[in-house]
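The structure appears right after this line, and notes come after that.
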Amino acid sequence: MNELNIKIGGAAGQGLQSAGFLLGKSFVRAGHFVFAIQDAMSRIRGGHNFFQLRVSDQPIAAMTARPDIVIALDRESVEEHEPELVSGGILLFDAEASRRTGEATHRFYVPFKELAAESGGRAVHANSVALGAVFGLLDFDLNIARKLIRELFAGQDAVQTNIKALDAGYNYARDKRPNGFSRRIAVIEATRRMFLTGSEAIALGAIAANCRFMSAYPMSPSTSIITYLANQEAQADIVTEQAEDEIAAVNMAFGASLAGVRSMTATSGGGLALMVETLSLLGASEVPLVIVDCQRPGPATGLPTRTEQSDLFFVIHAGHGEFARVVLAPGNAEQAFYDMVRAFNLADRFQVPVVVLSDQYLCDSYFTVDPFDLSKVAYETSLLATDQLERAESYLRYQDTDTGVSPRAYPNQSDHIVMTDSHEHDESGFMADDAATRVKMHQKRLRKIERIRATNPGPESFSQGECKRTIVGWGSTREILFETAHRLSLEGDNTAVVHFDEIWPFPQQAAKLLLKDKTNTVVVENNATGQLAKLIAAYTGYNETKRILRYDGRPFMVDELVEQIKGNLRP
Amino acid sequence: MNELNIKIGGAAGQGLQSAGFLLGKSFVRAGHFVFAIQDAMSRIRGGHNFFQLRVSDQPIAAMTARPDIVIALDRESVEEHEPELVSGGILLFDAEASRRTGEATHRFYVPFKELAAESGGRAVHANSVALGAVFGLLDFDLNIARKLIRELFAGQDAVQTNIKALDAGYNYARDKRPNGFSRRIAVIEATRRMFLTGSEAIALGAIAANCRFMSAYPMSPSTSIITYLANQEAQADIVTEQAEDEIAAVNMAFGASLAGVRSMTATSGGGLALMVETLSLLGASEVPLVIVDCQRPGPATGLPTRTEQSDLFFVIHAGHGEFARVVLAPGNAEQAFYDMVRAFNLADRFQVPVVVLSDQYLCDSYFTVDPFDLSKVAYETSLLATDQLERAESYLRYQDTDTGVSPRAYPNQSDHIVMTDSHEHDESGFMADDAATRVKMHQKRLRKIERIRATNPGPESFSQGECKRTIVGWGSTREILFETAHRLSLEGDNTAVVHFDEIWPFPQQAAKLLLKDKTNTVVVENNATGQLAKLIAAYTGYNETKRILRYDGRPFMVDELVEQIKGNLRP
Amino acid sequence: MTNGNEYEKRTTAWCPGCGNFAILDSVKESLEAMNKKPREVLLIGGIGQASKLPQYLSANSLCTLHGRALPAATGAKIGNTSLTVVAFCGDGDCYGEGGNHFIHAIRRNIDITVLVHNNQVYGLTQGQASPSSDMGFTTKVQPQGVRSTPLSGPALAVALGCGFVARGFAGNKAQLISLIQEGIRHRGFSLIEVIQPCPSMNRHNTFGWYKERIRDLQSEWKHDSSNRTAAFERALLWGETIPVGIFYRSEEGRTFESRIPILNNGPLVKRPLRRREVTEKLIEAFI
Amino acid sequence: MTNGNEYEKRTTAWCPGCGNFAILDSVKESLEAMNKKPREVLLIGGIGQASKLPQYLSANSLCTLHGRALPAATGAKIGNTSLTVVAFCGDGDCYGEGGNHFIHAIRRNIDITVLVHNNQVYGLTQGQASPSSDMGFTTKVQPQGVRSTPLSGPALAVALGCGFVARGFAGNKAQLISLIQEGIRHRGFSLIEVIQPCPSMNRHNTFGWYKERIRDLQSEWKHDSSNRTAAFERALLWGETIPVGIFYRSEEGRTFESRIPILNNGPLVKRPLRRREVTEKLIEAFI
Ligand SMILES: Cc1ncc(C[n+]2csc(CCOP(=O)(O)OP(=O)(O)O)c2C)c(N)n1
Ligand SMILES: Cc1ncc(C[n+]2csc(CCOP(=O)(O)OP(=O)(O)O)c2C)c(N)n1
Ligand code: SF4
Ligand code: SF4
Ligand SMILES: [Mg+2]
Ligand SMILES: [Mg+2]
């Protein structure tokens, strides 16, 4: 495996994301796999942010801690990230960006701003110069990046300025290339892979699933989902609406779903907290809905731009009273896409709310994936066919059935009227207060839980050969776990992985079976209390002992996790 | 034990509650123990409601199913409740109230309306006639009721009309007393016991605990708490405010608490759902608060006037992110009172939210209890003494300490300013974003969990002799469990009880110890999924098998539960 | 349940003498007069006495959460623009718990009609103050009397630029029926506040109390309903006189739906299932 | 942390050129001019760029949840009436997420002062429309432009009977300082909307855009701030001209605090711990 880790540091407003994106996508177009994370403070200008890419000729979707190349767009980035460089790594910096203009071989001075100015750009074009310099340093085919810039800024003046700045950086780096640095990135082959974030995958999944309405209230890190969809209204024939608050957001989506339209909302934990009453309403009214919770560190406002997996227990139990729900926790962009389809199908088939748990790490990270396979996308519904409904003598919205699922119709689908209700009600949807109806209808609704569980494929499990250790996780850490296990196994330390995606209703039997004779089990979670570990203990009786928990708002790094598991690094 | 079960049935608006209250309190004044439940539909007039009292010469606080006396204020009550009568029981009814004016010996016709009219009252005074008739039938000293009416309606015209109607009913019953009925209620002794509802006990507890502010939004069955306190504003030196919604309610209480004043709110599950974001805020900001959740059957609007214990998992896990909280679930009016005091003390000592779980059954039921013992009421706080604070050189609102609890001060308490924050923050309360501060402060807050658990007295356990069976429950079912066990034990079927009041942080060790060698364990809950049973399984590994669950919105009846446990009655 | 071709009324859980009966009748008669079939109509309530209305008339109905009728109505209308959506809220439901939605639903100007049954009290929860309760009104929870200024829903609506702002009275069915029809006909958000005496829980603002004070905007003030300032001033009147009629009407504002190009192609719910090409195209953009 | 006797400003996380700096300065100068000690002052923000202000001035502070500054401020004031409570909200914070509290806090007329930093955009979340964004304003989430009518906070406040309704401009510190002082002095709820250019996220309503349009109520219209109707009409003006100054002022409304008899005995927080007698008396009533 040939790989390179590049970190671009700078202040908010310096265009880290577009630089990082360009860099990554150029390598992807050249046949490489790129995984990238974004690290930002909660501010619009200033502060210290970074964008970090890992480029490999093998499929990867997790990060390692230490960069081979640091591009420092400001002084703070030099101070923060120079010490992180691997030996043999290199720092690209502007004199202005640092007081230390030393002669150390790992330092490569590139006059970002000066070159930007020379090529007719402004300070913000410093990032294009820096990009060019990296490409130059790596002897990478610049035409790929040039083409990309032309596509991205099609028809805008920015094309020329950016390309000029890019070229300037490139030429400078080729000319002044430092001796010590010999790494190169070659063009492998022209491949057709997607380079996209988890949020984009989620949004695409919704479109593929025939979602036609999304309402949301802005909240990091979820806003990128409605942002994407709002920009595809015409193309994707979908309506998006920014609501006045999260309560309105979820209730609008509820209203549209009731009207027969697949609908969704997305938010973060704090916004989800405001949707809890409506979650319970979805349970009572049996209106399907998909809610995406993009987790960030809590409690309360917490660290608004950072990552955490701490809403698991919350979403499993949120809402007063008892009702069925599904919780999915995709492990990467690909799973995010297919899970959204599955979420809409499950919501629709079982007439329940489905919560998809993402987090800042999954939402904001860039993945390299094969184009999504639309032949795998099915459309499963409990909506009655209109002709069937028209032929029916009568219609009961909440008909008691073996499965607990009643035939669904929407208003004005036929002459049959449709009653939807938040009270306890009879089969037709009239409020009811007597004990017998209550028991019947409550049982009907709760019966769905076991039916849903039966469709749960169970946790994913991977092992090769005899394994002395199993690492277990859920949601966005999937790729970290897999690569960690892979690395350990390569070192002869065979490690199995168990990963939970469809986590609720908890796949009790499958989990028990998988874990029952595992001895050395390590649960890895991005939270402080070990929620999955507790869930496993609660539902399988399996009380594994080791937990590696990270709750500083930052994602796990594969190399660090390997060391932690080997016991060499304190978590 | 000499006891009598009386059921008053009628429509909303017929004054069932005041009749039942008068009846009950009269017996309490005469030295009896009275427990009463209220069963109402969600409407203001009409429908079918009942008020049921159990009167005993021994302490009781649970209900039995079948009445000895039914007072039917309308026809529906005859139809509903006549069949429930025990053999030897009696039905008091007005001819108008029933088509069946048969001659059966258990039927006692009393012309409620006619007598009311004769005594100068209106239709609503029929209930006073009915009351009088019951007293007459039971040969009870009418002066007690007369005195009570004078106290209750002091200075109003209602006094005379009611007393006249009462007398008329009394005389009628004494004159026409049916032969078959021989039950009497005598005056035992003049005792000083309280006759009050769970809600009143909760409100009184808040006052005893020095609560000075309550904001709430009306929601059954919680409204009675603010209703009581609003009427004591001047006497109890407390401010109450009806908020525009539950979010405002909890945030006002939060603001007042931050200002240094003990504060609370109360709601039901649906309202609590709207407070969830603020629950998390309380976790982050470490502002103490007491929130009472008066449960009712969900999901959503559910059965708004009925009872359920289905918010346990919800309140334990509500809120995004991870933080400490306490959940108390009092088992009767007395525990409700002392638990409120404990709730305020725990909230204040640990600077955490405390949720007190009540339900419609506990809130609306009347209990007979000895006057609360105020010598048991302590005041425990983490607020710094003002003089100490004034002498301090500096003040850090979120100072990192061994216990996780920081010294608390309120704005304008001294020259030291006080910063409160919902973001991750440093010890002084400044927003912070770096990993080290995050980890330090998060650990500080989470450290409180074990400290709180250490103060948890654990579940209450009762057994006598060798027990082959243990019944387990939480919250409002306490008295039902105890009396059920007592009855079984009397039958030679020795039964132990384990009851959870302080249920979160879960008293893991204590529960394990208590349950470890129990064999035949039955968990009894007013919900459909067995939440306590699951909690026990999760935290003790103890997977008891039997569950008796009731989720038709009605409370357990002791006699029925006994039969269910013996296996004679299907749950 | 019922066949969606004629309206049936159902047994209610309201108190005898409640103003809601007249409102229910007026709604039924209005819909019938407009030849709206029950299948085309979606009646939405929050939670409260007023909000039970949808259950009492055989049309498509939703009883949702307290305060949340308007966002649900908005979503439903977006989902299926072929529906005539009418919401029924209490004063607590709409101005209290749902106050924020009230503001923003008006801003959106989506084509729905909202009846706010204003009984100046929380009926279903047995008589607490509502946002429109008179200052000083005493209840069990406000034993010293209400200490906040009552709000005027119509005045707020005028301030927010609502294109149809009216007030009716449960004691005047003829006018109410005409207001409801005009409201439904108005393209965009229509607010009709209905004065609804609650004999059980509000003994202060009784039928007689209202009757004495109610004045018709037209006959009393020769009100020009195109004059926003006049509408504002009269919407604030309360006490000695209580104006009823149309405060403000303007057909100028474009509806929310009309601003969403894709909604011109008919109801969203009728869109064929054709996602593959769309998704493929979007996927392409990521390559 | 800091000793509560003088105000220190702290390093902010705002962008260069942000209108918030002038507001921060104005608040500091106003409080100093009024001789309010930091210990007596409680600054409350929701969440947003505006709402970070309390962290940047050394007084008692609370940064609470998005949209919830007003109920927290209300509770804090009830808890301790000796505090001067000033809230800082964004337009999204106060008119969007917190819209319902805005309405009802005004109805209560509790003695707090609220500054709404109106930049017509969601700043902190990187530029979505706010409830006061101009119709048609394009953002990443509104690429076709805003499709709802913007609301006027001051017009709503006038409709709700707020006793002090003003608008300032971050580009006119002198006036802003005077408005803040008047707002704090006003007994009851005071609303001061502050036009606050956001150069980073709102490129449409720039400093220059505002500057051109802003007109002083006094000098331009000879506005009589005791005239509620005139206040309403001018509070609705937006576009060609944007009025600043005091729209409406009335000292007639009694404050919420003054209606609560027990608050006459000083701050609740200072009440001695003397519950035993009280509780005993209440217990007696149940016997
Ligand atoms: C979230 C929530 N809070 C509170 C309630 C309790 N509740 C039911 S109806 C109602 C208010 C009723 O008043 P209004 O809206 O004026 O309707 P009315 O009964 O007077 O017609 C309240 C507070 C609820 N159902 N849900
Ligand atoms: C419940 C909740 N929803 C959403 C957010 C995300 N959020 C933070 S600030 C903000 C809006 C910022 O706009 P505004 O209130 O106008 O303040 P500004 O930043 O423009 O000063 C939002 C939506 C949040 N923190 N909490
Ligand atoms: S309580 Fe009032 S509003 Fe409710 S049904 Fe009775 S009279 Fe009508
Ligand atoms: S984004 Fe706008 S409001 Fe926020 S700090 Fe920057 S300029 Fe100011
Ligand atoms: Mg009402
Ligand atoms: Mg803003």
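Residue numbering restarts at 1 for every chain, and letters A, B, ... go by the order of the sequence lines.
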**Message:** Closer than 3.5 angstrom, by distance alone: can the side chain of A:H320 be matched with the main-chain N or O of B:P299 as a donor-acceptor pair?
**Reply:** no
**Prompt:** Where does B:I247 contact chain A at under 4.5 Å (heavy atoms): side chain, backbone, both or neither?
**Reply:** side chain
**Asked** Hey, does the side chain of A:H423 reach the backbone of B:L303 with a donor-acceptor pair shorter than 3.5 angstrom?
**Response** no
**Item:** chain A contacts, top residue of B:V439, B:T529, B:V315, B:L535 (heavy-atom pairs, under 4.5 Å)
**Value:** B:T529
**Message:** Less than 4.5 Å apart, side chain to side chain, heavy atoms only: is that true for B:N527 and A:E322?
**Reply:** yes
**Prompt:** Of all of A:M431, A:M41, A:E277, which one pairs up most often with chain B through heavy atoms under 4.5 Å apart?
**Reply:** A:E277
**Request:** Output the distance between atom NE2 (B:H48) and atom CG (A:D434), rounded to the nearest 0.5 Å.
**Result:** 12.5 Å
**Request:** Name the option with the most non-hydrogen atom pairs under 4.5 Å to chain A; the candidates are B:A284, B:S422, B:S285, B:A318.
**Result:** B:S422
**Step-by-step side-chain contact (heavy atoms from CB on, under 4.5 Å) determination, B:E308 to A:R438** = CA-CA 12 Å; B:E308 194 162 273; A:R438 161 66 175 180; 2.6 Å; yes
**Prompt:** In terms of heavy-atom pairs under 4.5 Å with chain B, which of A:G298, A:S280, A:P304, A:A432 leads?
**Reply:** A:S280
**Region of A:H442 in contact with chain B, defined by heavy-atom distances below 4.5 Å** = side chain
**Complete:** Assert top hit (heavy-atom pairs under 4.5 Å, partner chain A, pool B:L274, B:L281, B:I316) equals B:L274
**Complete:** Bottom line for B:R306: the part with an atom under 4.5 Å from chain A's heavy atoms is side chain
**Asked** What part of A:R445 gets closer than 4.5 Å to chain B, counting heavy atoms only: side chain, backbone, both or neither?
**Response** side chain
**Asked** Which residue out of B:G283, B:G319, B:G47, B:G271 racks up the most heavy-atom pairs below 4.5 Å with chain A?
**Response** B:G319
**Asked** So what's closer than 4.5 Å to chain B heavy atoms on A:L446: side chain, backbone, both or neither?
**Response** side chain
**Item:** Pick from A:L272, A:T437, A:T301, A:V276 with the largest number of heavy-atom pairs that fall under 4.5 Å of chain B
**Value:** A:T301
**Item:** Largest heavy-atom contact set with chain A, pairs under 4.5 Å, which of B:P297, B:S268, B:A436, B:G541
**Value:** B:P297
**Request:** Could you check which of B:A538, B:G553, B:A300, B:A435 has the highest count of heavy-atom pairs closer than 4.5 Å to chain A?
**Result:** B:A300
**Asked** So which part of A:Q531 gets closer than 4.5 Å to some heavy atom of chain B, the side chain, the backbone, both or neither?
**Response** side chain
